[in-house]
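In what follows, a single structure is set out as structure tokens and then discussed.
Lettering of chains follows the sequences in order, A, B, ..., and the numbering in each one begins at 1.
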Number of protein chains: 2
Amino acid sequence: MIQAIDRAARVLSSLQGARHLGITELAGILELPPSTVHGIVKSLQAHGLVAKEPGSQRYMLGPALLKLSNVYLDTLDVRARAMRWTRELARRTGLSTRLGAELFDEVIIIHHNRRPDGSQQMLETGITIPSHASALGKVLLAYHPSAADELLAKPLRSLTGDTVTDPATLRLQLASVAERALAMEEDEAVLGESSVAVPVADRSGTVIAAVSVVMPSSEWPPEAGVLNDLRETARNISRELGYSEWPPRVVPNDD
Amino acid sequence: MIQAIDRAARVLSSLQGARHLGITELAGILELPPSTVHGIVKSLQAHGLVAKEPGSQRYMLGPALLKLSNVYLDTLDVRARAMRWTRELARRTGLSTRLGAELFDEVIIIHHNRRPDGSQQMLETGITIPSHASALGKVLLAYHPSAADELLAKPLRSLTGDTVTDPATLRLQLASVAERALAMEEDEAVLGESSVAVPVADRSGTVIAAVSVVMPSSEWPPEAGVLNDLRETARNISRELGYSEWPPRVVPNDD
DNA sequence: AACGTCATTCGATAATGTCGAATATGCCCC
DNA sequence: GGGGCATATTCGACATTATCGAATGACGTT
């Protein structure tokens, strides 16, 4: 780990959290001298990764991140291949769909289809949810046992009163997910919202993403037809990626 | 400029351009020893800014960029305030709209409304266009004379046969933009597509973004009503940002 | 104008990052 | 499975870079 790069990344993370920060504030958060932080911020600014807030001394994330992110999404083979299938899934089920990938202790939504009822819905691409509190995340954890082990060794955050944070309970859930290749979550991330997710595997059988449908909790549990459509979607995406034996199997402590 | 951070940013830029690269390829592009590049890439990877391509030795941009970018967009005051106005502009004109900000020699689209005719259209947020070849970019250049000076000192790329790349011609255009607070572009970025843009100013009178409508070149030139709607949109956004004297004036060589 | 707070500059030096050599890994062919 | 080649990764000496404290400049408020 190159210390200067580590520190630069921590500046970005701090701005991601607090949005706008002055040099002194950043220095406090990072426990570094202001002049050190200044050098880091100026270097990031020169590359457009950080910007000064208009009319103020505070800094915020910069526009170069947007371009990089756009290229990231464009580069993702799984996303490109999933798009038509998840659109079709949303159409058939009348539900919104999400495609998620792993980002440390969270799942990040890399593609999202709105519910096809024409209602106003937020764009979710780029949103993260703690893995333990989402069906998508539980799938990814179930297929990456060492990542799960690390996560379950930490105190877990409750997002709602229904979030499961007990490691032993989660281990049982993950074992069930691994067996059924299906994860469920009811009101754990957002009250009134529940979801069910299944794994997407690449040519080598590695689970690289998960796909889910999201429904109002008033409509829970999902009908068998929805589960079948969801599985079919994951099978189709996985097949396009070169994996023909859906559902994938868990490889014990593979990382 | 901290060299290690500069090099890390250049790794990200290289991956942004070429999408997938091995260590040796990156080393060639950056003209650095492979072991140096390896250290940089591993540091970026530890923060999710770079990822290894599934099943290969090559690296690509990483998911942390998507989360950072999402926060960047969410943090942008001008974007939040512009959204309702540009949606209304698209509705009234029947055209797609773009809100653009400056990213070095390019304009980056930070918000986009599709043409309201229900046709299949690509999402444009995060896309960049060379400033000299876009109406949005010409507005931003006209209001930032020193940025314009720097850009016009470099050889400019033709995107289509109609792209204006002659510095003297561009200077005349930018002077006219500054005077009229309006920029036009016909087939310069994409054949068959033309646009007209106007500036958006913040509380201090600094032009921090530009807003445009895009139309098929077969419908060019824009009607007076469209221009009025566009100006009204920029005036409304600027007023929400605290600027009440639209159109803004150019401050000579202010950077 | 004065004051307090924070941003930025500067330069000595501590320590970090660099980079060449060696080793490990992956892939392809037989 | 073995061999060969190309590339990734490791290791450690040391050159160079980043750090950080002190000083100065800028900004906002009174």
Fill in: Rounded distance [0.5 Å steps], NZ in A:K138 versus OG in A:S176
10.0 Å
Worksheet item: Starting at CD1 of A:I2 and ending at P of D:dT19, how long is that distance when rounded to a whole Å?
Response: 12 Å
Fill in: side-chain N/O B:Y59 vs D:dT9 OP1/OP2, d < 4.0 Å
yes
Fill in: Whole-Å gap separating C1' (C:dG17) and CD1 (A:I5)
9 Å
Worksheet item: How close or far is atom P of C:dT18 from atom NZ of B:K42, stated in whole angstroms?
Response: 16 Å
Worksheet item: Would one find a side-chain N or O of B:K52 under 4.0 angstrom from OP1 or OP2 of D:dT9?
Response: yes
Discussion item. Less than 4.0 angstrom between a side-chain N/O of B:R7 and OP1 or OP2 of C:dT18, yes or no?
Written reply: yes
Worksheet item: Would you call B:K67-A:E106 a salt bridge at under 4.0 Å N-O?
Response: yes
Worksheet, complete the sentence: The residue, A:L21 or A:A4, whose nearest nucleotide of DNA chain C is more 5′ is A:L21
Worksheet item: Hey, is A:R235 close enough to A:E240 for a salt bridge, meaning N to O under 4.0 Å?
Response: no
Fill in: Under-4.0 Å side-chain N/O to phosphate OP1/OP2 contact, A:T36 with D:dC20
yes
Item to complete: Specify the separation, in whole Å, of atom CZ of B:R58 and atom P of D:dT7.
Response: 12 Å
Worksheet entry | Carboxylate-amine/guanidinium contact B:R19 A:D74, below 4.0 Å | yes
Response to the item:
To the nearest angstrom, the CD-C1' distance between B:E31 and C:dT18 comes to 16 Å
Discussion item. Among D:dA8, D:dC20, D:dT10, which nucleotide has an atom closest to any side-chain atom of A:P33?
Written reply: D:dC20
Practice prompt. Return the value, rounded to whole Å, for the distance between atom CD1 of B:I23 and atom C1' of D:dT9.
Written response: 9 Å
Practice prompt. Just compare D:dC20, C:dG26, C:dG17 and give me whichever is closest to any side-chain atom of A:L32.
Written response: D:dC20
Discussion item. Quick check on DNA chain C: between A:M1 and B:S56, whose nearest nucleotide comes earlier from the 5' end?
Written reply: A:M1
Fill in: Where B:V71 and A:Q16 come nearest, the two heavy atoms and their spacing
CG1-O, 3.4 Å
Fill in: Phosphate contact (C:dA7 OP1 or OP2) by A:H38 side-chain N/O below 4.0 Å
no
Practice prompt. Mind calculating the distance between CD (A:E53) and C1' (C:dA7) to the nearest angstrom?
Written response: 15 Å
Discussion item. Need one value for A:T24: base, sugar-phosphate or nothing, where a base atom within 4.0 Å counts as base even if backbone is also close, heavy atoms only.
Written reply: sugar-phosphate
Fill in: Distance, rounded to the nearest Å, where A:I40 contributes CD1 and D:dT19 contributes P
5 Å
Discussion item. If you compare every side-chain N and O of B:Q3 against the phosphate oxygens of D:dT17 (OP1, OP2), does one of them come in below 4.0 Å?
Written reply: yes
